[in-house]
Protein chains: 2
Amino acid sequence: MDRAERLERLALLSEADATQTAMFQQAAAASYGLGITEMRALSILLRNGPQTAGALTRALHVTSGAVTGIVDRLVRRGLVSRAADPDDRRKVVVTVDLAALAASENAYAGIGEAFQELYAGYTDAELDFLERHLTASVEITARETARLHPRA
Amino acid sequence: MDRAERLERLALLSEADATQTAMFQQAAAASYGLGITEMRALSILLRNGPQTAGALTRALHVTSGAVTGIVDRLVRRGLVSRAADPDDRRKVVVTVDLAALAASENAYAGIGEAFQELYAGYTDAELDFLERHLTASVEITARETARLHPRA
DNA sequence: TGGAAGTATCTTAGTAACTAAGATACTTGC
DNA sequence: GCAAGTATCTTAGTTACTAAGATACTTCCA
């Protein structure tokens with residue numbers, strides 16, 4: 001098959017995967033009774049550790065007012081907690097309550113298993129390639145997202 | 001490296017990629033002055049061709065009332081048009097105006113180029129693997145999304 | 001053939017999550 | 001010690017959604 005043609009098909013597939021994945025995330029968030037932005041905030045807190053409201057503002061590309069509401073709602077559900085920063089009392093550090101999170105239903109269990117099953121059929125070399133590809137993809141996408149945000 | 005450990009890292013990376021990609025999509029939609037759901041509707045119309053409002057309702061997992069608003073806004077921007085189905089006059093078929101779309105700014109140009117550059121460094125075998133992987137991923141994700149939607 | 005049931009879309013009222021602007025509380029630098 | 005800067009929260013308004021139901025058309029069956 002022609003290489004240019006393959007690249008074209010890959011771009012389309014990649015776009016379809018992105019749309020489908022975003023819709024899954026929204027459905028998963030809804031199944032927890034959370035909004036998509038609250039879910040993203042949780043994801044960022046889990047991945048990058050406890051951080052201030054300001055850091056979440058920048059990571060989520062929303063206003064500080066929105067973050068106040070997001071953290072309020074997560075606190076009300078007992079999924080995160082706010083704590084004053086002893087070094088700078090203007091700051092508020094948000095921390096995920098891992099025990100509470102573990103105790104809640106896991107909407108990701110099904111898809112996680114399905115992907116583990118898919119990966120099981122891959123060779124070590126293929127897994128290695130996929131890891132390198134995803135790392136590059138995250139880097140590119142984060143950079144291009146920042147480019148689209150005038151305030152960034 | 002241990003295989004179980006690699007699978008664990010891959011799952012985390014995959015989640016990070018999904019979150020980042022969703023945020024890019026939202027930023028791209030906003031740069032067109034569109035909402036994320038309008039963008040998804042356009043994407044579905046482009047990928048699967050002209051279809052009825054009802055089909056969009058099912059594909060987007062939103063209510064029929066929401067689709068009315070989404071199509072209204074896209075029509076107002078001149079990006080799509082409504083047409084009566086001659087065979088069933090209850091139906092309204094929505095079609096993308098490709099010329100209008102091509103004439104608008106392309107927020108995807110930058111990321112598209114970045115990925116083409118990434119792909120340029122891949123072998124034919126790697127591209128082939130990626131295509132098979134994405135195809136499987138779209139299939140799994142669509143199935144798992146449907147599972148999370150009670151109305152589906 | 002005509003009426004009941006079903007289907008497709010749109011309308012309306014209400015809700016939730018966002019933005020923009022500005023208030024409050026604290027910190028830093030001169 | 002005061003002015004300017006920073007971090008978060010508050011308030012008012014907007015937007016895109018849902019739920020419920022109205023309208024218009026189609027299908028099925030006695």
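We use all heavy atoms of the structure for the numbers below, so side chains are in, but hydrogens, waters and symmetry mates are not. So that the names make sense, note that chain A is the first sequence line, chain B the second, and so on, each numbered from 1.
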Distance check needed: C:dA17 P versus A:R40 CZ, whole Å only. 14 Å
Sugar-phosphate only, base, or nothing, as touched by B:A53 at under 4.0 Å among non-hydrogen atoms: sugar-phosphate
Could you walk me through whether B:T145 and A:I111 pass the side-chain contact (heavy atoms from CB on, under 4.5 Å) check? CA-CA 9 Å; B:T145 305; A:I111 201 169; over 6 Å; no
Rounded to whole Å, how long is the line connecting atom CG of A:L34 with atom P of C:dA17? 10 Å
To the nearest Å, how far apart are A:Q26 CD and D:dA16 C1'? 11 Å
Choose from C:dT27, D:dC17, C:dT9 the nucleotide whose nearest atom is closest to any side-chain atom of A:R89. C:dT27
Would you please confirm or rule out a distance under 4.0 Å between OP1 or OP2 of C:dC18 and any side-chain N or O of A:R73? yes
CD1 of A:I70 versus C1' of D:dC9: gap in Å, rounded? 14 Å
Using atom CG of B:D85 as one end and atom C1' of C:dT7 as the other, report the distance to the nearest whole Å. 13 Å
Comparing A:K91 and A:G69 on DNA chain D - which has the more 5′ nearest nucleotide: A:K91
Less than 4.0 angstrom between a side-chain N/O of B:R82 and OP1 or OP2 of C:dC10, yes or no? yes
D:dT8 OP1/OP2 closer than 4.0 Å to side-chain N/O of A:T57: no
Could you state the NE2-P distance from A:H61 to C:dA20, rounded to the nearest angstrom? 15 Å
Please tell me which of A:E38 and B:V71 maps to the more 5' nucleotide of DNA chain C, matching each residue to the nucleotide holding its nearest heavy atom. B:V71
Separation of D:dT15 P from B:I36 CD1 (nearest whole Å): 18 Å
Apply ring-ring contact (aromatic ring centres under 6.0 Å, His included) to residues A:F24 and A:Y108 and explain how you reach the verdict. CA-CA 10 Å; A:F24 172 81; A:Y108 287 92; 5.8 Å; yes
Between atom CG in B:D72 and atom P in D:dA16, what is the gap in whole Å? 11 Å
Check this for me, if you would: do B:D2 and B:R6 make a salt bridge, where the nitrogen-to-carboxylate-oxygen distance has to be below 4.0 angstrom? no
Evaluate A:L118 against B:I140 for side-chain contact (heavy atoms from CB on, under 4.5 Å), listing each step before the verdict. CA-CA 9 Å; A:L118 178 65; B:I140 289 172; 4.1 Å; yes
Mapping B:G54 and A:G65 to their closest nucleotides on DNA chain C, which lands nearer the 5' end? B:G54
Using only heavy-atom distances, decide whether a donor-acceptor pair under 3.5 angstrom links the side-chain of B:S64 to the base of C:dC10. yes
Ring centers of A:Y122, A:F129 separated by less than 6.0 Å: no
Taking atom types as they are modelled, is there a donor-acceptor pair under 3.5 Å from the base of D:dT6 to the side chain of A:R90? yes
